[in-house]
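Hydrogens, waters and symmetry mates play no part in the numbers below; they use all other heavy atoms, side chains included. Every chain is numbered from 1, with letters handed out A, B, ... down the list of sequences. Keep in mind it's a predicted model, so treat the numbers as computed, not measured.
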There are 2 protein chains.
Amino acid sequence: MAATNEDRAALLGELVTRSIPGWAIAVVRLNSAVAGRLGVTDTDVLCLHVLDRYGPATPGALAKRVNLTTGSASRMIDRLVAAGCVRRVPDPADRRRVLIEPTQEGRDRAATAYAGLVARTHAELAGYTEEELRTLARFMAAAERDTAAEAQHFQSTAPGD
Amino acid sequence: MAATNEDRAALLGELVTRSIPGWAIAVVRLNSAVAGRLGVTDTDVLCLHVLDRYGPATPGALAKRVNLTTGSASRMIDRLVAAGCVRRVPDPADRRRVLIEPTQEGRDRAATAYAGLVARTHAELAGYTEEELRTLARFMAAAERDTAAEAQHFQSTAPGD
DNA sequence: GTCGATCGCTGCGTCGCGCAGCGAAATATC
DNA sequence: GATATTTCGCTGCGCGACGCAGCGATCGAC
């Protein structure tokens with residue numbers, strides 16, 4: 001069993017210190033490249049992802065999710081509106097609030113930008129059994145939860161500790 | 001088998017349109033939060049990741065990897081040097097070149113910043129069999145390769161097409 | 001009705017970034 | 001060996017994204 005434990009340690013090390021950081025780097029680079037292609041900022045692209053993943057949100061909630069002040073978020077929304085990617089929808093229940101939702105054009109442009117990667121990913125996943133897909137889903141869900149929790153923790157605590 | 005195919009489609013959809021984008025969003029947020037904590041820019045943190053993942057590099061190579069011009073990369077290195085995270089080492093073989101490598105302090109601070117997430121990840125992976133770990137490693141390697149290839153493709157092609 | 005809290009939006013200063021150009025050094029050409 | 005070309009990293013300059021502080025508008029509590 002010693003060999004198996006060594007194999008396991010090697011697998012863990014490769015995953016945690018190589019593949020995952022490498023993937024994270026590539027993700028940031030890709031987002032940046034897509035932003036340049038769409039003519040918007042990296043932050044704007046992150047905002048579009050947030051809208052696509054978690055649905056319409058107010059500027060305040062959006063500001064928290066993309067790690068911005070409400071003032072900067074207001075400007076970001078201005079840019080995205082000008083780019084035709086999102087739309088401001090007044091909240092009938094609370095006339096202070098404004099809901100931000102992606103336009104059809106915005107969704108289409110984002111889908112086009114990531115179509116290549118989605119296709120590559122589907123091609124890769126075609127070679128996996130349903131059992132393996134379940135394993136991937138389990139880990140991805142945990143990774144999303146853990147990473148979001150860490151980000152939340154960092155943003156909520158003071159820089160001093 | 002129809003039910004199985006439906007299950008498989010649901011798994012694929014959840015993975016590609018939910019978990020992976022959600023994880024990517026969390027990764028960007030975490031990097032931004034870590035940058036704020038370390039008192040540097042998001043780009044600077046990405047640079048530190050690149051150095052940790054791919055080893056020391058020249059400013060020019062670094063600029064390509066973080067999607068920056070050589071001029072901006074020079075300023076970025078200035079900031080990281082001032083923050084005590086990296087060091088400029090002259091290349092004895094080519095006196096034009098300078099190699100950028102992380103300092104011990106820089107490595108320690110980065111390790112501290114991500115210690116929480118690494119611990120969470122190891123705790124999660126402790127519940128996986130070696131077979132499952134191999135599946136994860138296979139997919140993450142493919143994801144890193146595919147995502148990097150997409151980013152490369154976007155950066156190398158003109159914005160017009 | 002009054003007061004405090006919350007929401008989104010606007011001047012102002014700071015700073016990261018791209019662009020264009022610089023000198024230094026390695027390589028190619030004769 | 002001398003000259004020309006290319007490559008490398010570094011510096012003024014303008015643009016723009018961001019944080020900060022403050023504003024009016026609106027909601028909820030009493």
Legend entry - Distance, rounded to the nearest Å, where B:Asp91 contributes CG and D:dT7 contributes P: 17 Å
Inset, instruction - Give one of base, sugar-phosphate or nothing for B:Thr41, where a contact means two heavy atoms less than 4.0 Å apart. - result: sugar-phosphate
Inset, instruction - Compute the ring centroids of A:Tyr114 and A:His49, then answer whether they are less than 6.0 Å apart. - result: yes
Inset, instruction - For the residue pair B:Ile100 and B:Pro59, establish whether any side-chain heavy-atom pair is separated by less than 4.5 Å. - result: yes
Legend entry - Length of the line joining A:Met76:CE and D:dG16:C1', which is rounded to integer Å: 16 Å
Inset, instruction - Give me the residues of residues 51-68 of chain B where at least one heavy atom lies under 4.0 Å from an atom of DNA chain C, by number, or none. - result: B:Asn67, B:Leu68
Inset, instruction - Give a yes or no on whether a salt bridge exists between B:Glu124 and B:Arg120, defined as a side-chain N under 4.0 angstrom from a carboxylate O. - result: no
Inset, instruction - Compute the bend angle of the helix from C:dG1-D:dC30 to C:dC30-D:dG1 from the end axes (five pairs per end), rounded to 10°. - result: 30°
Legend entry - OP1 or OP2 of C:dC17 under 4.0 Å from side-chain N/O of B:Arg79: yes
Legend entry - C:dC9 OP1/OP2 closer than 4.0 Å to side-chain N/O of A:Arg88: yes
Inset, instruction - Please report the C-alpha distance between A:Arg53 and A:Glu144 in whole Å, then the side-chain angles of each, then the deciding distance to 0.1 Å, and finally whether the salt bridge (charged side-chain N to carboxylate O under 4.0 Å, His left out) criterion is met. - result: CA-CA 12 Å; A:Arg53 172 67 180 82; A:Glu144 177 184 4; 3.2 Å; yes
Legend entry - side-chain hydrogen bond (donor to acceptor under 3.5 Å, both in side chains): pairs with one or both residues in residues 9-20 of chain B, sequence neighbours excluded: none
Inset, instruction - Would you mind checking if A:Arg87 and A:Glu101 are paired as a salt bridge, meaning a charged N to carboxylate O distance below 4.0 Å? - result: yes
Inset, instruction - Please check the phosphate of D:dC8 (OP1 and OP2 only) for any side-chain N or O of B:Arg97 closer than 4.0 Å. - result: yes
Inset, instruction - Considering just the side-chain nitrogens and oxygens of A:Thr43, establish if one lies under 4.0 Å of OP1 or OP2 belonging to D:dC18. - result: yes
Inset, instruction - Would you indicate, yes or no, if D:dG19 has its OP1 or OP2 atom less than 4.0 angstrom from a side-chain nitrogen or oxygen of A:Ser72? - result: yes
Inset, instruction - Respond yes when some side-chain nitrogen or oxygen of B:Arg96 is under 4.0 Å from OP1 or OP2 of C:dA26, and no when none is. - result: no
Inset, instruction - Check for a donor-acceptor pair, side chain of B:Thr121 on one end and backbone N or O of B:Leu117 on the other, with a separation under 3.5 Å. - result: yes
Legend entry - Comparing A:Arg75 and B:Ile77 on DNA chain D - which has the more 5′ nearest nucleotide: B:Ile77
Inset, instruction - Measure the distance from CG on B:Asp78 to P on C:dC17 and round it to the nearest whole Å. - result: 12 Å
Inset, instruction - Take atom CG of A:Asp94 and atom P of C:dT6, then tell me their distance rounded to the nearest Å. - result: 13 Å
Inset, instruction - Measure from the side-chain N and O atoms of B:His122 to the backbone N and O of B:Val118, and report whether any donor-acceptor pair falls under 3.5 Å. - result: yes
Inset, instruction - Using whole Å, report how far CG of A:Asp42 lies from C1' of C:dG18. - result: 14 Å
Inset, instruction - Taking the side chain as every heavy atom from C-beta outward, state whether B:Leu48 and B:Val86 have any pair of such atoms under 4.5 Å apart. - result: yes
Inset, instruction - Would you tell me if any nitrogen or oxygen in the side chain of B:Arg95 comes within less than 4.0 Å of OP1 or OP2 on C:dG23? - result: no
